[in-house]
Amino acid sequence: MSIRLEGINKYFGQFQALKDISLDIPDGQLTGLLGPSGSGKTTLLRIIAGLETAEQGRILFHDQDVTALHVRERRVGFVFQHYALFRHMTVAQNIAFGLEVLPRAERPAAAQIRRQVADLLDMVQLAHLGKRYPSQLSGGQKQRIALARALAMQPQILLLDEPFGALDAKVRKDLRRWLRALHDELHFTSVFVTHDQEEALELSDRVVVMSAGKIEQVDHPQALYAEPESRFVFDFLGHVNVLDGTLRDQRVVQGEAWVTLPGDLHCAGEVQLYLRPHEVRLQDCPAGHAHLPLQIESISLIGAEVRLELTPCGWQAQEPWEVGISHVEFNRWQPQRGDRCYAVPDVGHLFDVQRSHPRTLSWVDG
């Protein structure tokens, strides 16, 4: 079931929460709405569901205009962050609830409801917990039951609002993997809201990045990370090291820091050079194309790489820089807090006042 949004505007009093949102969500795709708090992503999800009404615009499901349809008529499943399970009902009763309250003409027979509940419990791998109550479940189990309850109504579209936000990191990762596998098996159209960049990039077929009620960029996760179209998207998709400076004669300069840019750039003035942590190397002397002196402030050995946090020497940055090195490199180099070193960029992304999109630069081939 495809979804098309055309010119959606939403106001809360004088505040405009959504600004002319137009978006196509293909049939069978898992789409992530990604953005900070207040970006409008949950409001947009609730408008798709019919829980909120837009002042302007249209909503189409598979080319059928559903803008004026009540939430009950849209056949949409909704999964909330905090489960919203009935505490006085067993797991099986929670899943069956939506079916049992249907009008008599639409309600399946009791035996059919029991079979459907059993099938859903099997699907979410919790068949042994049907007689338990929500208070006897873990957070991850509760969220699986909430998902089973939504699927019991055989929705055309599944909407999830921060579905893993209340869970710890390991359970969240396990549930993401499980939901992705379930989606690939059933091929339902899903839209989920998150502010977690890793979650959106790992789980989604496409990611919609939102800011201040507008869509900043829509793309596949790999393309979104490889080619951000704005400073906001760059800043939001993980940490980035930024050199603010003046570009003159192919060189970005700020204080004692400078970087000579590859190629032939016909621009000058104030610029920002964005360098992701994995696009920068560290060494004990400057490179021929870059003089970026830094001091090591902290060292984190947790994870697949060693993460160094650094502060500029003789120049300024709005935030500390981060660079990752391998454990092999760390053991060879043995850096310590307070040591001085130099950043060497391999790939960079240049923003200037004349362009809304960055230029991607590489020193590796040049």
Side-chain angles (χ1 to χ4, degrees), residues 1-5 8 25-31 42-54 57-127 129-134 137 141-161 163 178-179 182-193:
M1 178 66 66
S2 62
I3 305 170
R4 182 186 301 164
L5 307 175
I8 299 295
I25 299 174
D27 181 29
Q29 278 201 352
L30 182 55
T31 299
T42 293
T43 300
L44 184 60
L45 195 76
R46 290 175 63 86
I47 286 173
I48 295 172
L51 298 171
E52 296 280 358
T53 303
R58 295 201 307 161
I59 306 158
L60 296 96
F61 290 174
H62 204 58
D63 294 328
Q64 177 189 356
D65 192 336
V66 299
T67 309
L69 288 185
H70 190 274
V71 60
R72 287 193 299 268
E73 301 174 84
R74 296 194 187 188
R75 290 191 59 193
V76 168
F78 206 103
V79 179
F80 299 91
Q81 177 178 349
H82 293 289
Y83 328 124
L85 299 177
F86 297 111
R87 291 179 293 177
H88 65 287
M89 292 183 180
T90 66
V91 163
Q93 289 169 337
N94 265 281
I95 296 173
F97 177 78
L99 297 170
E100 291 176 339
V101 298
L102 286 172
R104 185 180 297 275
E106 301 174 29
R107 188 188 314 153
Q112 184 180 342
I113 292 176
R114 286 195 295 271
R115 284 195 302 271
Q116 193 166 336
V117 169
D119 290 344
L120 287 164
L121 282 169
D122 281 335
M123 184 186 69
V124 299
Q125 302 169 3
L126 295 174
L129 299 180
K131 295 182 179 181
R132 291 194 184 180
Y133 288 87
L137 304 180
Q141 290 169 337
K142 290 177 184 177
Q143 196 58 287
R144 290 192 189 205
I145 297 304
L147 181 59
R149 182 180 59 185
L151 293 175
M153 302 302 295
Q154 298 180 328
Q156 299 179 105
I157 294 164
L158 183 65
L159 306 177
L160 306 101
D161 186 12
W178 171 79
L179 179 60
L182 182 66
H183 182 274
D184 291 341
E185 178 184 346
L186 300 180
H187 299 291
F188 44 77
T189 302
S190 305
V191 184
F192 76 99
V193 161

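From a predicted model like this one, the values you see are computed outputs, not experimental measurements. Numbers here are sequence positions counted from 1.
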Nearest-0.5 Å distance, [atom1] of residue [X] to [atom2] of residue [Y]:
X	Y	atom1	atom2	value
I59	Q64	CD1	CD	12.0 Å
L5	L60	CG	CG	8.5 Å
L126	L120	CG	CG	11.0 Å
L158	S190	CG	OG	4.5 Å
D63	S2	CG	OG	5.5 Å
E52	L44	CD	CG	11.0 Å

Could you walk me through whether W178 and Q143 pass side-chain contact (heavy atoms from CB on, under 4.5 Å), step by step?
CA-CA 12 Å; W178 171 79; Q143 196 58 287; over 6 Å; no

Would you check if the side chain of [X] reaches a backbone N or O of [Y] as a donor-acceptor pair within less than 3.5 Å?
X	Y	result
N94	F86	yes
R75	Q154	yes
T189	G28	yes
H183	F188	yes
D122	A127	no

Taking the side chain as every heavy atom from C-beta outward, state whether [X] and [Y] have any atom pair closer than 4.5 Å.
X	Y	value
Q156	R74	no
I95	L121	yes
T31	I3	no
M153	L99	yes
D161	R46	no
V76	I48	no
F192	V79	no
I25	I157	no

Looking at every heavy atom in both [X] and [Y], which two are closest together, and how far apart are they?
X	Y	value
P134	L85	CG-CB, 4.0 Å
P108	L102	CD-CD1, 4.1 Å
M123	L151	CE-CD1, 3.2 Å
Q116	A152	NE2-O, 2.7 Å
Y133	R87	CD2-O, 3.6 Å
I8	A54	CG2-CB, 3.8 Å

Please walk me through it: do Q93 and H88 pass side-chain contact (heavy atoms from CB on, under 4.5 Å)?
CA-CA 9 Å; Q93 289 169 337; H88 65 287; over 6 Å; no

Do I113 and E100 pass the side-chain contact (heavy atoms from CB on, under 4.5 Å) test, and can you show the C-alpha distance, the side-chain angles, and the key distance before you say yes or no?
CA-CA 8 Å; I113 292 176; E100 291 176 339; 3.9 Å; yes

How far apart are the C-alpha atoms of L179 and L147, what are their side-chain angles, what is the distance that settles it, and do they pass the side-chain contact (heavy atoms from CB on, under 4.5 Å) test?
CA-CA 9 Å; L179 179 60; L147 181 59; 3.8 Å; yes

